[in-house]
Amino acid sequence: MGSDCYHAGERGPSPGLQSFPIRFYNLLIDLHCHTSASDGALSPTEIVDRALAAGIDLLAITDHDSVAGYRAAAHHYTANPGRMKLISGVEVSCRWNGLSLHVVGLGMDCDHPAMVSALHRLDSARDERGRKIGERLAKKGFPGGYEGALQEAAGSQLGRPHFAAWMVDRGHVRDASQAFDRYLGQGKAGDVKAFWPELEEAVGWIVSAGGVAVLAHPLKYRLTRSRLRRLVSEFADIGGAALEVSSGRQLQDQVRQLSLLAREFGLEASAGSDFHRDSSYGPDLGVELRLIEGLEGVWQRWRATSQTGGSEH
Ligand code: MN
Ligand code: MN
Ligand code: MN
């Protein structure tokens, strides 16, 4: 990892940040990661074992629109407890002014009626989208895509990569990247937006279920500065509690920018790797925590107690 990386293991702020003290804080946490229950490569059990081996103190599993990975992980961890604290999580897909956004929910009661119906709603949005992609591909001369993609997904969450895999299997395309270039990528026939809930609804579900709503990777939406401020301001107004000030491999400057934004709107800081799989350019599981002065960390809500494994909601 490069020295420009927030959690790359360098200790102490770079000279340029002395006016903005970020102190090393002896905790390793991850409040954003994925398992094979959504689009991650590792099973929930593997993620827990990986996190334990890495010495992570606090872990939230935040699969897209699903808590199945967290449930399986909690089950495994209850049987094989360690010193890490595992909390529930989810990454909810939603919309804000026509833009697709992600809100991470942390520590919510997965069995709360608000969460149960939310997950059901998100499930059917995803399924509807899959059917629509199938229809679009059929119009291009490739019928049976929905069923084929479901088979490729083999019980995991249906997404465009499964349609690509099906097209490759059928010999419709040479490889997955050709499938995306021609049929599934941005602006192509299979680029179907799901009927995701509005941001306010998504935040409402998480809060109703006793969870904390975190705006995921705020810089990933490529908003102008003023639009990002508007988003963060609205997010705070509707019950959002925290911003991910550190997401994946991020520059210290970006952490600084997001920390200032969080402070301005009275939001807490959150941090996660957004780990999906091992790769040479992607982040590893775990974020070395630095105490950012003047900013509360959402992790402080959970770090006081000892690990409870799966008994935590
Ligand atoms: Mn993902
Ligand atoms: Mn995301
Ligand atoms: Mn994610």
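For ligands, and for the atoms within them, numbers begin at 1 and follow the listed sequence. This chain uses plain numbering: 1 for the first residue, then up along the sequence.
- Nearest N/O/S atom of Glu91 with respect to the Mn ion (ligand 3) is recorded as OE1.
- Closest approach of Val245 and Gln250 over heavy atoms only: O-OE1, 3.0 Å.
- Using cut-offs of 30° and 60° for the angle between ring planes, the His102 and His217 rings count as perpendicular.
- The closest approach of Asp39 to the Mn ion (ligand 1), by N/O/S atoms, is made by OD2.
- Outside the 6.0 Å centre-distance limit, the rings of His112 and Trp205 are not counted as a close aromatic pair.
- Of all the N, O or S atoms in Asp274, the one closest to the Mn ion (ligand 3) is OD1.
- At least one N/O/S atom of His217, whether from backbone or side chain, sits less than 2.8 Å from the Mn ion (ligand 2).
- Donor-acceptor pairing under 3.5 Å is lacking for the side chains of Asp274 and Ser247.
- Asp111 has a carboxylate O that lies under 4.0 Å from a charged side-chain N of Arg71, or vice versa, which qualifies the two as a salt bridge.
- The Mn ion (ligand 1) is closest to atom NE2 of His276 (considering only N, O or S atoms).
- For His102, the N/O/S atom at the shortest distance from the Mn ion (ligand 2) is named ND1.
- In this structure, the ring of Phe142 has its center less than 6.0 angstrom from the ring center of Tyr183.
- Between the NE2 atom of His34 and the NE2 atom of His32, the angle taken at the Mn ion (ligand 3) works out to 100° after rounding to 10°.
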